[in-house]
Every structure is written in structure tokens, then in C-alpha cells.
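Report on the following structure.
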Amino acid sequence: MQTIDWIILIFSLVFIVVYGVWKGRRQTDLKSYFLSNRDLRWYTVLFSIMATQASAITFLSAPGQAYVDGMRFVQFYFGLPLGMIILSITAVPLYHKMKVFTAYEFLEQRFDVKTRILASLLFLVQRGLAAGLTIFAPALILSILLGWDIYWTNLIIGVLVIIYTAFGGTRAVAWTHYYQMLIILFGMVAAFFFLINALPGHLGFLDAVHIAGKMGRLNTIDFKFDLMNRYTVWTGILGGMFLQLSYFGTDQSQVQRYISGASVTQSRLGLLLNGIVKIPMQFSVLFIGAMVFVFFQFVQPPLFFNTVETERVQAGAYAEQYTQLEEKYADSFVVKKQIANQLVSALQTGDAEQVRRTQEQLMQAHQHSQEIKKQAVAVLKANNPQMDAKDTNYIFLYYVTRYLPAGLVGLVIAAIIAASMSSTSGELNALASTTIVDIYRRLFKPKETSKKMVKASRLATVLWGVYAILLAEYASRLGSLIEAVNILGSLFYGTILGIFIVAFYLKRIGGSATFYAAFIAEAAVVYCFVFTDLPFLWYNVVGCLGVVVFAWLFSLISPQRTVSV
């Protein structure tokens, strides 16, 4: 990076931390610390929701996901609008009416304390693990750019987030989210327009889109009903809706964003607009990855995008073998580029038969290149058995650092790090609120003063931040981060959602039936994860329906008195 890049990056990070500390000053009680006195407007709620969900994983890994697998991942979000409508009708007015600090307080009023504690613990386990991933993503960037040890980079990012989150609470989180999203959106838009401008002169934008489509990178819609296919319309609408309902309706990291709204209307607007804009935003991020793929059909990419591993193998016993594969890969690229240029000419002249022939030839040439890459990965694994065989998370980073102009590199890196900080801050804030409100105050200190509770909340934020930093050290072993974070969530979200569905809609079912049903449902989800090939989005359906069905059966065996809310 150039000096101007460092200036932009450092200024952005310092501004976020300082602004967050300043905005969150004078927090004297739990209502102000965790709910910002319930005074947030719809646009702050919207940006805070989006920033918490759209971590650096979205902007770092999603373009790489589209590069290697096309844009079908966008179907993951097709259930989001339906989920937002349902929650706006049911959950939002209920949470506002009950004036809860956390979603899990509602469960005690509806069921009992043990069900509240169970749901809280499931959230704490899942979200605590996810926080480690959101710290790791930008740490990965800095470690590669600066050559720093990943342990130190995880620590730096984590500490920056802990400072303003612990000091300023929800108000600091929400308002830093607002400016972080502005940085993110501006950085990604700038990167996209420069990418289009950097395409070869003879290649127009529509030509690039056609090539991406011909090579299977615009595969956004798949109507086949296949339970084993991870990304289809049906998986996205059904499994995705269950996941989104659970995430936005029962995950405290999101619930805390909109229960801080000034009114039911302000919270609803934030949620509904999130459902409207999220799919286009995710489509755009994936489309950038597809265009990066087209770019590297005309500009030679590296054999493996993780430069740390390539430098390691080039300094080891397998250097000669890897160099030979790089030479073969370069030769195959020359052939592929020639065919790609022929395909452009055929597209521009409208020769359908020539388009068909060159498309087949280009796919064959691409497959040949991928075979060489598989051989290279085998060499890399032989040199370092602990390495991640996938370079998905490095693709967009590689493009940014080598082909964007000075200034824009710093802006895009700042956008990615801002995304991580925004998501992590929301997670730490929610982890602290659940720990203090649902565990510490409920079980141990029900009569503690507000001032001491705020101090305990700041301490909880710091401890969860340290925990997330420690977990970040292991995130490099999880492959594609954009998939890993959603797989992790799907292991728990279905069960939590099932508990809340029973609470909202099945008034005759009591706490004990729901409590024991949740254990069985979670065991079923773990079984699917360990022993089957069922795509992860269906875990949400399994967990949710498992709780509902078994709770209903248990209620028939042993009816319980229920509480109306």
C-alpha cells in the first residue's frame, strides 16, 4: 500500500473508535447502555441491522465465493423479505410492549426461567463462536499486507472494537454502524466502477456480463428441488426464511438493534427496509466477484491466491515442483486467453454457432487450468499439511492490493475492516446484554444498582471480546468464511426459533415440554451435521420443526398450565 492508503485506513479506524467513545459517553443505567434509551430513528436502526449482519466476511469472502462457484449463493437470502414481514407483524410490537432488554426475557414470562436460560446459553455459545470469525476476516487482510503474525493482527482488531463497544454501549454501536456502512458502501461502489473500467479495451461491460454467464458465474437462480443442493430457490425461501426468522427474531445481536427504536413504526421501518435492500446489496457484492473472474480471464491470475502459502512453498523443498506447475499454468492461461478473445469477437458479431463452439473450448481450457491448480494444491499440502486448501477468502484481497490505484486500496481495506468492526461490536454488545440481563442479574444479582450493572456490562463486553479474539486464532481452518459463519449459525438457530414459535403461537404448550423438546431438536441438528450430507440451511428447518413437534407431543403426555402474555 502507498502512503495515501495508510492515511485513509488509519484515519477511518481512528475516527470510528473516537466517534464511538464520544457518542456513547454518559451511560448511567442499563436502559441507556443497552437500549440507547430507545430513541433511535428508522435509518439508524436500518444501518445498524445491516452493519451487524454484513461483516467483513460478506465483503471479503463473498466475491471469492462468486469467483469459484458463481452467484447462486444469493439465493440464501430469498427468504429474508418474508421473514422481515412476519417479524414486523409479530415480534416487533410484542417486544416493544413488554419493554424487554433481551429477547429471552419474553421466554420467562411465557414459559419459565429454565427455558429462558437455555435459549440464552444457546445464543451465547453460537454468537460467541461467530464473533471470532468476524475478527479473523480483517486480521487476515492485515497479516498478509503487513506480514504480521495473525495472532497480533487478531489482537489489534479485537482491541479496537472492545474500546468503543465497552465504553459506549448500544448508542456507540448504533452510530458507528451508521458511518461504517457509509464507508463500506462507498468503498465497494468505487471498487466496482474501477474494476469495470480496468477491463481490456475491446471488452465492453455487456461482453463481460455475457462471458461471466457463459462460464457459469451468473447462476443466480436454480428452481430444482434437491435437498442435497445447498443453494436453490427452495432452499433459500424455506430454509433461508427459517434462518432469517431465527436470526432477526431471536438472536439478541439483531433484536437489540431494533428494540432500541423510538417506536414500533421506527423499528418496523428498519426491519422492512433491510429485507428490501439486502438482496440487491448481496447480489452486487457477488457480481463484483463474477467480474473479478472475468478480469482474470484476460489478466493472468496466480496459481494460488494465498501468497503466504506460495512464498512458503517457494522457499522449501517443493520449490522446483511448484515452479514447474506455475509454468504449465501460465501456458494454459495463454491458450485460455486466446479462446476468451475469440468468444468476445463471436459475441460482438452475433455468430451464435461460433459462440457455442468457443464457449465449449473456453470451458475445457478453464477445466484444464483447474486441474493444474489441483496439482499445485497437492504440492502446497505436502509442503504444509496444516494449510487451507481453499483460497476463496484471498481472491478479492489479491485483486484489491495489486490492481486498484493508490487511495482506493486504502478505502476498500478500510471498508472491509469497518464491516468487521461493525459486526463484531454488535455481537459483543449483544453477548454482554444477554450475559448481564439473562444470567448475571436474573440468577445472581437481581437487586444490584444500575451503576454497578453498567460496570458489570462493560466488564462482560471486554471478557467476550477477549474470548472472540482467542477463537479467531482457529478461524483459518474453516474454508470459505461466508459459508462457515452461516453453517455455524444454522447449528443453533433452528432450535432457538422453534422455542420462540412455540412461545408466540402455541399457547397451550408449557415451558417443560418446550425445554426438553429443544434438547432433542438440537441433538437432531448435530446428528445431521455430523452424519449426513444435508445442506446446512435445512438444519434450521430440522431444529425448528423438531422443537415444535416434540413440544406438542410432550404437552399431550403431560399438560401444563401456561402463561398468557
Side-chain angles (χ1 to χ4, degrees), residues 57-76 188-189 191-222 231 282-307 329-330 332-344 346-347 355 358-374 376-377 390-404 412 416 479-483:
I57 296 171
T58 301
F59 302 101
L60 177 64
S61 187
Q65 182 78 10
Y67 185 101
V68 301
D69 191 44
M71 295 179 59
R72 65 194 187 111
F73 181 77
V74 75
Q75 296 169 112
F76 170 83
M188 297 307 287
V189 168
F192 172 73
F193 279 106
F194 184 85
L195 170 61
I196 299 304
N197 188 61
L199 292 171
H202 69 288
L203 185 66
F205 174 67
L206 292 181
D207 295 326
V209 172
H210 281 128
I211 290 178
K214 296 297 182 184
M215 298 193 70
R217 292 306 181 272
L218 300 183
N219 53 341
T220 55
I221 303 294
D222 185 352
Y231 303 118
Q282 192 65 42
F283 178 92
S284 301
V285 174
L286 289 166
F287 188 69
I288 290 175
M291 290 298 100
V292 171
F293 176 83
V294 173
F295 176 83
F296 280 124
Q297 304 311 301
F298 299 90
V299 176
Q300 184 175 337
L303 182 52
F304 196 71
F305 282 96
N306 185 343
T307 55
Y329 190 73
S332 72
F333 173 79
V334 171
V335 174
K336 186 168 68 168
K337 181 178 178 181
Q338 290 174 347
I339 300 172
N341 283 321
Q342 293 172 10
L343 179 56
V344 173
L347 287 168
V355 168
T358 51
Q359 178 186 359
E360 292 178 356
Q361 293 171 0
L362 186 57
M363 292 301 293
Q364 291 173 359
H366 179 68
Q367 184 60 37
H368 177 64
S369 296
Q370 292 304 106
E371 292 298 325
I372 298 174
K373 183 167 184 172
K374 288 181 181 178
V377 170
K390 295 182 179 180
D391 58 354
T392 308
N393 303 318
Y394 301 82
I395 294 171
F396 185 58
L397 171 62
Y398 183 92
Y399 168 78
V400 166
T401 55
R402 285 162 178 78
Y403 296 101
L404 292 187
V412 173
I416 294 173
S480 173
L481 293 173
I482 192 69
E483 287 189 327

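In this chain, numbering begins with 1 at the start of the sequence shown.
For the residue pair N341 and H202, a side-chain donor N or O sits within less than 3.5 Å of a side-chain acceptor on the partner.
Interatomic distance, L195 CG to Y403 OH, rounded to the nearest 0.5 Å: 12.0 Å. Between the OH atom in Y394 and the CG atom in N306 there is a gap of 4.0 Å [rounded to 0.5 Å]. Here the CG-CG distance, from L397 to D391, works out to 11.5 Å after rounding to the nearest 0.5 Å. Interatomic distance, OH of Y399 versus CZ of F194, reported as 6.0 Å (0.5 Å rounding). Remark: H366 NE2 to K336 NZ distance equals 5.5 Å, nearest 0.5 Å. Rounding to the nearest 0.5 Å gives a distance of 6.0 Å between CE of M291 and CG of L218.
Counting non-hydrogen atoms of neighbouring residues, nucleotides and ligands closer than 6.0 angstrom, the NZ atom of K214 reaches no more than 12 such neighbours.
When all heavy atoms of A208 and L203 are compared, the pair lying nearest together is N-CD1, 3.9 Å. Closest approach of F298 to P200, counting heavy atoms only: CB-CG, 3.6 Å. Residues S332 and S369 approach most closely at OG-OG, 3.2 Å, considering heavy atoms. Looking at every heavy atom in both residues, A212 comes nearest to V294 through CB-CG2, 3.7 Å. For V412 against A191, the heavy-atom pair with the smallest separation is CG2-CB, 3.9 Å. For the pair I395 and Y67, the tightest heavy-atom approach, listed with the atom from each and the gap, is CD1-CD2, 3.5 Å.
Judged by distance alone, the side chain of R217 and the main-chain N or O of M71 form no donor-acceptor pair under 3.5 Å. Using a distance-only test at 3.5 Å, with no hydrogens or angles considered, no donor-acceptor pair links the side chain of H368 to the main chain of Q364. No donor-acceptor distance shorter than 3.5 angstrom exists from the side chain of R72 to the backbone of G70, with no hydrogens or angles considered.
Scanning for side-chain hydrogen bond (donor to acceptor under 3.5 Å, both in side chains) contacts around N219 gives an empty result, with sequence neighbours left out. Partners of Y398 by ring pair (Phe, Tyr, Trp, His ring centres under 6.0 Å), not counting sequence neighbours, listed by chain and number: F305.
Looking at heavy atoms from C-beta onward, Y329 lies in side-chain contact with P301 at the 4.5 angstrom threshold. Between R402 and T307, the closest side-chain pair of non-hydrogen atoms falls below 4.5 Å.
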- Query: Given the rule in the side chain to side chain contact (heavy atoms under 4.5 Å, CB included) test, do T358 and L347 qualify, once you have shown the distances and angles that lead to the verdict?
  - Reply: CA-CA 10 Å; T358 51; L347 287 168; over 6 Å; no

- Task: Give the intermediate values and the outcome of side chain to side chain contact (heavy atoms under 4.5 Å, CB included) for residues T220 and Q75.
- Result: CA-CA 7 Å; T220 55; Q75 296 169 112; 5.9 Å; no

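Between F287 and F192, the two ring planes are tilted [angle within 30° to 60°].
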